[in-house]
Amino acid sequence: MISERLASLVERAIDRATKDGKLGPLTGCPIPVLVERPRLPEHGDLAVGTALKLAGQAKMPPIKIAEIIAEYIEKDEEAGKHNIERLAVAPPGFINFHLSTGWLEAALSNIHEKGEKFGALNIGEGKKVLVEYVSANPTGDLHIGHGRGAVYGSCLSNLFAFVGFSVEQEFYVNDAGVQISQLGECAWALYQRLQGREVPYPEEGYPENSLMHFLEPIVKENGDKYLSCDSEEGPKKLGEITKMTIMESQRKLLSRLHVNFDTWFSETSLHTSDAVSSVLKEFEKKQKSYESEGALWLKAKELGDERDRVLRKSTGATTYLANDAAYHLDKFNRGFDQLVNIWGADHHGQVPGLKAVVKALDLDADKLEIILTQIVNLSREGQMVRMSKRAGTVVTLEEVMDEVGVDATRYYLAESNPQNPINFDLELAKRTSRENPAFYIQYAHARCCAILRRATEEQVNQESGVTEKPVLTQEQLEAYKVDYKNSPQAFRAAFEPGHEVYQCQKALVQKLDSFPDEVKEAALSRLPGRLARYAYDVANDLQKFYEVSRVITDDLSVTKARLGLILATKQVLANALKIIGVSAPERM
RNA sequence: GCGCUCGUAGCUCAGUGGAUAGAGCCCCCGCCUUCUAAGCGGGUUGUCGUUGGUUCGAAUCCAACCGAGCGCGCCA
């Protein structure tokens, strides 16, 4: 990477300067050199502010330090005219660099060499990570909030895989306890009603209109098969069937959103396998629990929680926390190096409890990372869409996907920082213009494809009707691709230093070249959405280049070089979009 | 009341202690005989919630306050 090459160049210069005793008491470069992109063009293509940071330790004015570093850089062979056109020291102590073509050529060649692996890293070192997300109750439709968790979790999983982790994605199915028995009561009532029986609907139940569409097909398929059931058997049977129906609809919908789980972990299985009772014994053995007022409590307060928590109620039933303890013990036992839970922010009160559980079981709490996603407000033309679960006016995830499409849904949910609440504008997401970043990025990718088609396919002139021969054969293009990988000089003809186009080209290549860095930042900060914005920037830089420069020209070596630039751009856009889970269309 | 998250342009948001705080939307003005105008260029927009502190330097770090959302059950 260009910025890495520059950083080591600067570090080397500082090392040499200190050896010569030119930088006061400093011996070597005490801090990593950060390379930045200046905003103003007169500040060059890249800049380094290290002299400012060294001022304190070197006990010298920053501008003086910068001048000395610059002197030593100029003595370095790699800083020759081929790589760095010129450098300048600017107050208060920046060193600004204007790039020549050498590093740019190498950067493009590197992209071609790595291909779809360009940007992939090995910071995961093959470690096993489990990402648990969505984990919605099987008691109704998924809504946009679930969609956010789903998209975020899936993007994060893609990103983890891209940086070298072995990723497993899991959906925890809350298929035990009250909510399921309540689902059974509601389903049983609706089932009977659909058969013409006048029965009351459970008052505290789920809204009728949120369940009706699941019951209708069930009735169609089973007819009056269960009508003879009694009031105990009926809810049980219908609850089970409805649960399976809902889970299947959730699975299908998520798959349509390109969210696919490796495992669906059933809460019920924790009970049937005695995992819950055995984790309670474990707490007892480790003296982390006690009985009081007929209930079993976890000594959570001494483990960092604000108070102790109930594990088993006086009724004998275990709490959600106890079940979660069994679940997370199971996760740890499956040998993961890292556990990531993605929860809705309304569950943040549970975080200390679960952390306490992990500590109580003498497990490594640092391995468990809980990421909270804030709410999604739906709006239409700036008007908030009010949602009420009670009134049944919830807009489902499926409705949003139907309306704005899978790609736009994914883009908008992926782009933001999960800890910020977002406003999802349905009208904006539907638009097919620059206002809609999802389309803008896809358009840039399609445009690259259009140029490549133009180069190798014959064109029919719209006006004359004459068929024009392509400038290249497919075979030639394939041969070029080999050259792009092996000889960076192939790109030289693309660059015209001094020309206005050169500014656009430098910006584009530098942007492409920084992809691995963006990937690293995104992975470390758990913000895959950064790559969505990155892709937008790449698209923007491409459009600017496209606007001022033709790719296909009469000069074959220029055409070859510029096609290589277009291919590299297409590759980087595709790599970024793949992590976000948005398609990269060949034409639009 | 306590805890968590957040507060940047009219709106949606970037911004890893450094140069004059940036994008997009909105509004106005230009640009299609040439590889996709679903595009490009230009113009207007700020007490970075407030007040202090640390620093050569703070939107960024610290404290207090103000404001918003969420959470504080033997619910799940």
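Numbered from 1 within each chain, the chains take letters A, B, ... in sequence-line order. What you see is a predicted model; the values in this text were computed from it and never measured.
Base orientation of C48(B): anti (glycosidic angle beyond 90° from 0).
Looking at heavy-atom distances under 4.0 Å, A446(A) makes contact with a base. In this structure, D346(A) reaches the sugar-phosphate backbone alone: every heavy-atom distance under 4.0 Å involves primed, P, OP1 or OP2 atoms, never a base. At the heavy-atom level, R587(A) lies under 4.0 Å from base atoms of the strands shown. Backbone-only engagement by V178(A) is indicated by non-hydrogen atom pairs under 4.0 Å involving sugar-phosphate atoms exclusively. If you check every strand for non-hydrogen atoms under 4.0 Å, S549(A) touches a base. Among the atoms of the strands shown, none is found under 4.0 Å from any heavy atom of A455(A). The residue E36(A) sits apart from the nucleic acid: no heavy atom pair falls under 4.0 Å. If you check every strand for non-hydrogen atoms under 4.0 Å, I422(A) touches sugar and phosphate atoms only.
Taking atom C1' in both G17(B) and A59(B), one finds a spacing of 11 Å when rounded to whole Å. Here, A21(B) and C28(B) have their P atoms 28 Å apart, quoted to the whole Å. A9(B) and U45(B) have their C1' atoms separated by 5 Å, with the value rounded to a whole Å. With C1' as the reference atom, C4(B) and G10(B) are 31 Å apart, rounded to whole Å. Rounded to whole Å, the C1' atom of C26(B) lies 25 Å from the corresponding atom of U20(B). Between the P atoms of U8(B) and G15(B), the separation comes to 13 Å (whole Å). U44(B) and C27(B) have their C1' atoms separated by 8 Å, given to the nearest Å. The C1' atoms of C48(B) and C29(B) are separated by 30 Å, rounded to the nearest whole Å.
Between the C1' atom of A37(B) and the CE atom of M588(A) lies a distance of 14 Å, rounded to the nearest Å. Computed from coordinates, the I441(A) CD1 to A23(B) C1' distance equals 13 Å when rounded to whole Å. If you take OH of Y320(A) and C1' of C74(B), they are 17 Å apart, rounded to a whole angstrom. At whole-Å resolution of the value, CD in Q182(A) and P in C75(B) are 14 Å apart. In this structure, L452(A) places its CG atom 10 Å from C1' of C35(B), rounding to the nearest Å. Atoms OH (Y534(A)) and C1' (A23(B)) sit 17 Å apart, rounded to a whole Å. With rounding to whole Å, E500(A) atom CD is found 11 Å from G41(B) atom C1'. One atom, CZ of R533(A), and another, C1' of C13(B), lie 8 Å apart when rounded to the nearest Å.
For the pair N540(A) and G39(B), the criterion of a side-chain N or O lying under 4.0 Å from OP1 or OP2 is not met. Residue Y412(A) places no side-chain N or O under 4.0 Å from the OP1 or OP2 atom of C13(B). Look at K59(A) and you won't find any side-chain N or O under 4.0 angstrom from OP1 or OP2 of C56(B). Distances shown here put a side-chain N or O of K544(A) below 4.0 Å from the OP1 or OP2 atom of G41(B). In this model, the phosphate group of C13(B) is approached by a side-chain N or O of N423(A) to a distance below 4.0 Å at OP1 or OP2.
Listed here is the closest heavy atom pair of T373(A) and R148(A): CB-CD, 4.4 Å. The minimum heavy-atom distance between P418(A) and I371(A), with the atom names listed, is CG-CG2, 4.5 Å. Summarising the geometry of A47(A) relative to P38(A), their closest heavy-atom pair is CB-CG, 3.7 Å, with the distance given to 0.1 Å. Scanning all heavy atoms of the two residues, the minimum distance from Y133(A) to G149(A) falls at CD1-O, 3.5 Å. In terms of heavy atoms, V519(A) sits closest to G119(A) at CG1-O, 3.6 Å.
The aromatic ring of Y440(A) is not stacked on the base of A38(B), since the criterion of ring centres less than 5.5 Å apart with planes inclined by under 30° is not met.
In this structure, K560(A) satisfies the cation-pi test against Y480(A), with its NZ or CZ atom closer than 6.0 Å to the six-membered ring centre and inside 45 degrees of the ring normal. Both tests hold for R447(A) against Y546(A): distance to the six-membered ring centre under 6.0 Å, angle to the ring axis within 45°.
Ion pairing of E518(A) with R533(A) is absent here, as no side-chain N (NZ or NE/NH1/NH2) approaches a carboxylate O to less than 4.0 Å.
Surrounding CD of E284(A) are at most 12 heavy atoms belonging to other residues, nucleotides or ligands under 6.0 Å away. Under a cut-off of 6.0 angstrom, the local environment of CZ in R37(A) is crowded, with over 12 non-hydrogen atoms contributed by other residues, nucleotides or ligands.
Position along RNA chain B of the nearest nucleotide to V48(A) versus R312(A) favours V48(A) as the more 5'-ward residue. Heavy-atom distances to RNA chain B give each of A539(A) and Q350(A) a nearest nucleotide, and the one nearer the 5′ end belongs to A539(A).
Counting atom types as modelled, E415(A) pairs no side-chain N or O with a base atom of A14(B) as donor and acceptor under 3.5 Å. Side chain T315(A) to base C74(B): no donor-acceptor pair is found below 3.5 Å. In terms of polar N and O atoms assigned as donor or acceptor, the side chain of Y443(A) comes within less than 3.5 Å of the base of U36(B) in a complementary pairing.
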Within the 4.0 Å limit for protein heavy atoms, which parts of nucleotides 2-7 of chain B are touched? Write it as a string from 5' to 3', B for base, S for sugar-phosphate only, - for none. -BBSS-
So which protein nitrogen or oxygen atoms get under 3.5 Å of nucleotides 57-61 of chain B's nitrogens or oxygens?
none

Pairs under 3.5 Å (Watson-Crick or G-U), crossing ones as [ ], inter-strand ones as |: RNA chain B comes out as (((((((..((((....[...)))).(((((.......))))).....(((((..]....))))))))))))....
